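Remarks on the structure that follows.
Numbers restart at 1 for each chain; the letters A, B, ... are given by sequence-line order, proteins then strands. For clarity, every value in this text was computed on a predicted model and none was experimentally measured.
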Amino acid sequence: MAKQKVLAIVGPTGIGKTALSIRLAHALNGEIVSCDSMQVYKKMDIGTAKVTEQEKDGIVHYLVDEQAYDIPYNVKVFQKKCRQAIETITHKGKFPILCGGTGLYLKAALYDYDFQEEQPDTQYDAYLHTLNNDQLHELLNKQDPQSAQKIHSHNRKRMIRALQIAHQGLNKTQREAQQNHEPIYDIFFLGLSVDRDLLHDRINQRVDRMFDAGLVEEVQSLFADPKTWEYTSFQGIGYKEFKAYFLKEKNLEEIRTQIKTNSRRYAKRQYTWFRNQMDVHWYEPDDPKIEEDIQAWISSCREE
RNA sequence: GGUCUCAUAGCUCAGUUGGUAGAGCAACGGACUGAAAAUCCGUGUGUCGUUGGUUCAAUUCCGACUGAGACCA
């Protein structure tokens, strides 16, 4: 049986994925699934550059604006919901268009990543957090030597996660050996790319527009309480930087500059991911060949 | 107008008792399987303002010029 066709629009922040996705949704009778780890959260509108109702232009969107910002979200949840959304869209006879910049989410949903049920062991987690980097690395080397090789001994977050996995039964290496590392759909990865200086200009301007649109008020209304600084959602660029402002360590101008810098660096990491993790067809955002190539891909019985 | 100080990486600056130079930030490259807008790793990208002079050798010493700043008028 032929795999379901899925279009995935990827690329760095601020390059125009949203606008293109809506244009293509109209052209292809499609509906859009957002693949963005921050736009899922409700109320975080300005800082995440979330699609507005106006911009949606009648196109149905999934996985945007649906999670309370004080509840953590993660890849496993996303993977399930994204696959469900693709199914829902297909059943309606519409074309599924994925659009977003969170590379891991895209890959987990579209490839045969398999997340298992786990029972959290808070005691063990607490124990792991008491270990220093060298101790973590040493322990990981016993539990999962191959992962210990791959994960740098300074990367606490990754070492702890690998140890948590091993604690559940099969270790990370064994789990991943059960996967084929192949896409489960027939995917066209459409990547948007522009000259780096131009992208930086756009990012800087977009951050300025966020401030004009009331970013400070938005952040103040959601994250003024220090307790909220632990939320996963507060890790978003455009939010976390305000911590220094709340603590009176920096003024708003410094915060604005920091947000621009972090956005640029994020864009760079996104390029790195999409260039190296998946087979992307790259285009400039206004390239007229985009629609042509998509139509050709859709009408081809199978792409190989 | 006069005196003095400064001029080194994209930015802020260090340094070479004369043998063509290094930090932070930025930037760039990479990793990535339950926080991923997270987390982590790697890389110095430079006519040492311009131009003469001294010297085997000048970014370093001397002169002139240009620019910036401070002070005196």
Side-chain angles (χ1 to χ4, degrees), chain A residues 11-14 17 34-41 44 47-50 67 69 71-81 100-121 125 129 133 136-137 144 146-147 149-168 170-182 196-197 199-200 203-204 206-207 210 229-242 254 257-278:
Chain A
T13 185
K17 295 188 291 295
S34 166
C35 302
D36 190 293
S37 65
M38 287 296 153
Q39 291 189 16
V40 258
Y41 293 114
M44 296 169 65
T48 65
K50 192 184 289 170
Q67 178 89 353
Y69 75 103
I71 299 176
Y73 199 75
N74 64 49
V75 214
K76 180 176 157 80
V77 177
F78 174 83
Q79 182 193 51
K80 188 176 171 200
K81 290 193 176 190
T102 305
L104 177 66
Y105 281 18
L106 262 307
K107 197 165 185 186
L110 298 177
Y111 283 62
D112 62 340
Y113 279 25
D114 185 24
F115 302 112
Q116 331 229 325
E117 283 310 316
E118 290 177 13
Q119 299 90 36
D121 182 339
D125 289 356
H129 282 276
N133 290 350
L136 283 170
H137 203 248
D144 183 352
Q146 280 144 301
S147 290
Q149 281 254 303
K150 287 190 218 161
I151 300 173
H152 194 280
S153 61
H154 291 177
N155 203 340
R156 285 183 72 77
K157 202 184 262 192
R158 290 268 168 80
M159 291 192 290
I160 288 174
R161 172 89 268 259
L163 285 165
Q164 287 170 337
I165 293 175
H167 189 61
Q168 295 285 324
L170 292 183
N171 68 32
K172 185 169 181 291
T173 304
Q174 291 162 334
R175 265 197 203 180
E176 290 174 16
Q178 299 179 328
Q179 301 163 198
N180 296 316
H181 307 279
E182 280 173 3
R196 194 64 67 93
D197 288 340
L199 182 66
H200 288 178
I203 286 172
N204 294 159
R206 187 157 89 150
V207 172
M210 287 176 180
W229 299 347
E230 292 160 25
Y231 295 171
T232 304
S233 56
F234 189 62
Q235 290 181 160
I237 295 168
Y239 298 89
K240 63 178 171 188
E241 293 84 358
F242 281 90
E254 292 172 305
T257 303
Q258 192 62 56
I259 291 173
K260 288 176 181 175
T261 301
N262 286 342
S263 299
R264 275 183 258 126
R265 293 162 67 93
Y266 174 47
K268 183 162 76 75
R269 271 179 275 131
Q270 288 175 302
Y271 268 128
T272 301
W273 179 284
F274 293 122
R275 267 194 305 239
N276 299 289
Q277 292 285 324
M278 34 194 61

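A31(B) and A58(B): their C1' atoms are spaced 45 Å apart (whole Å). Look at the P atom in both U12(B) and A26(B): the space between them is 15 Å, to the nearest Å. Comparing G24(B) with A64(B), their C1' atoms are spaced 36 Å from each other, to the whole Å. Across the C1' atoms, A36(B) and G22(B) are found 35 Å apart, a figure rounded to whole Å. When the C1' atom is used for both U50(B) and U8(B), the distance is 15 Å, rounded to whole Å. A gap of 30 Å separates the P atoms of A68(B) and A27(B), to the nearest Å. Comparing the same atom, C1', in C13(B) and in A21(B) gives a spacing of 14 Å after rounding to whole Å. Between C25(B) and U39(B), the distance separating the two P atoms is 15 Å to the nearest Å.
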Quick test: give all pairs of protein nitrogen or oxygen and nucleotides 10-12 of chain B nitrogen or oxygen below 3.5 Å, distance rounded to 0.1 Å.
none

Check nucleotides 23-26 of chain B against the protein and report each pair of N or O atoms closer than 3.5 Å, with its distance, or say if there are none.
residue	atom	partner	partner atom	Å
A26(B)	O3'	Arg264(A)	NH1	3.2

Report each atom pair, protein N/O against N/O of nucleotides 43-45 of chain B, whose distance is under 3.5 angstrom.
none

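Counting any heavy atom pair closer than 4.0 Å across all strands shown, Gly238(A) reaches no nucleic acid atom. At the heavy-atom level, Gln164(A) lies nowhere under 4.0 Å from the strands shown. No engagement by Gln270(A) is indicated, since no non-hydrogen atom pair under 4.0 Å with the nucleic acid exists. Note on Gln39(A): a base of the nucleic acid sits closer than 4.0 angstrom, heavy atoms only. The residue Tyr73(A) sits close only to the backbone: its heavy atoms come under 4.0 Å of sugar-phosphate atoms, none of a base.
Atom pair Leu110(A):CG and A36(B):P shows a separation of 17 Å (rounding to whole Å applied). In this structure, Ile237(A) atom CD1 and A35(B) atom C1' are separated by 14 Å, rounded to whole Å. For the pair Lys268(A) NZ and A36(B) P, the interatomic distance rounds to 20 Å; values are reported in whole Å. Between Lys150(A) atom NZ and G30(B) atom P there is a gap of 19 Å when expressed in whole angstrom units. Taking atom CZ on Arg269(A) and atom P on G30(B), their separation rounds to 14 Å, with Å as the unit. Atom CD of Gln235(A) is separated from atom P of U39(B) by 6 Å (rounded to the nearest Å). For the pair Gln149(A) CD and A31(B) C1', the computed distance is 15 Å after rounding to whole Å. Following rounding to the nearest Å, Ile151(A) (CD1) and A36(B) (C1') show an atom-to-atom distance of 14 Å.
With rounding to the nearest 0.5 Å, the separation of NE2 in His167(A) from CG in Asp121(A) is 3.5 Å. Within the model, atoms NZ of Lys150(A) and CZ of Arg158(A) stand 11.5 Å from one another, a figure rounded to the nearest 0.5 Å. Between atom OG1 of residue Thr102(A) and atom CH2 of residue Trp273(A) there is a gap of 10.0 Å, rounded to the nearest 0.5 Å. Going from atom CD1 of Ile151(A) over to atom CD of Gln146(A) covers 11.5 Å, rounded to the nearest 0.5 Å.
Between Tyr41(A) and Tyr73(A), the ring planes lie perpendicular to each other; the angle is over 60°, past the 30° to 60° tilted range.
Residue Gln277(A) places at least one side-chain N or O closer than 4.0 Å to OP1 or OP2 of C32(B). OP1 or OP2 of A37(B) sits under 4.0 Å from a side-chain N or O of Tyr266(A). Phosphate proximity of A35(B) to Arg158(A): absent, as no side-chain N or O sits under 4.0 Å from OP1 or OP2. The side chain of Arg161(A) places no N or O atom within less than 4.0 Å of a non-bridging phosphate oxygen (OP1 or OP2) of A36(B). Applying the 4.0 Å criterion to OP1 and OP2 of A37(B), one finds that Thr102(A) has a side-chain N or O inside that range. Taking side-chain N and O atoms only, Tyr105(A) has a distance below 4.0 Å to OP1 or OP2 of A36(B). In this model, the phosphate group of C40(B) is not approached by any side-chain N or O of His154(A) to a distance below 4.0 Å at OP1 or OP2.
Looking at Gln164(A) and Ile160(A), their side chains come closer than 4.5 Å, going by heavy atoms from C-beta outward. Here the side chains of Cys35(A) and Phe78(A) are in contact, with some heavy-atom distance below 4.5 Å. For the pair Gln168(A) and Gln119(A), the minimum side-chain heavy-atom distance is below 4.5 Å.
Comparing G30(B), A37(B), C40(B) by their nearest atom to the side chain of Ser37(A) picks out A37(B). The side chain of Thr48(A) lies closest to A37(B) when the candidates are U33(B), A37(B), G30(B). Proximity note for Asp36(A) (side chain, C-beta onward) versus A35(B), C32(B), A37(B): the nearest is A37(B). Comparing A37(B), G30(B), C28(B) by their closest approach to the side chain of Arg275(A) singles out G30(B).
A salt bridge between Glu117(A) and Lys80(A) is absent, with no side-chain N of the basic residue lying under 4.0 Å from a carboxylate O of the acidic one. Taking 4.0 Å as the cut-off between side-chain N and carboxylate O, Glu241(A) and Lys260(A) do not count as a salt-bridged pair.
Legend: residues meeting salt bridge (Lys or Arg N to Asp or Glu O under 4.0 Å) with Lys81(A), ordered by chain and number and at least two apart, are Glu66(A). For Gln179(A), the side chain to side chain donor-acceptor pair (under 3.5 Å) test picks out no residue, with sequence neighbours left out.
Of the residues listed (Gln270(A), Arg206(A), Arg264(A)), the one engaging Thr13(A) in a side chain to side chain donor-acceptor pair (under 3.5 Å) is Arg206(A), and it is the only one.
If Asp114(A) and His152(A) are placed on RNA chain B by their nearest nucleotide, the residue sitting closer to the 5' end is Asp114(A). Sequence order on RNA chain B of the closest nucleotides to Asn276(A) and His200(A) puts His200(A) first from the 5' end.
For Glu118(A), the CD atom sits in a packed shell: over 12 heavy atoms of surrounding residues, nucleotides or ligands are nearer than 6.0 Å. Residue-environment remark: CZ (Arg275(A)) exceeds the threshold of 12 foreign heavy atoms within 6.0 Å.
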Exercise for the section: Using a 3.5 Å limit on both pairing distances, list the dot-bracket string of RNA chain B from the 5' end; Watson-Crick and G-U wobble pairs count, crossing pairs take [ ], interstrand pairs take |. Expected result: (((((((..((((.....[..)))).(((((.......))))).....(((((..]....)))))))))))).
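Using a distance-only test at 3.5 Å, with no hydrogens or angles considered, a donor-acceptor pair links the side chain of Asp144(A) to the main chain of Thr173(A).
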Practice task
Evaluate the criterion side-chain contact (heavy atoms from CB on, under 4.5 Å) for residue pair Phe115(A) and Val75(A); output intermediate values, then yes/no.
Solution key: CA-CA 9 Å; Phe115(A) 302 112; Val75(A) 214; 4.0 Å; yes
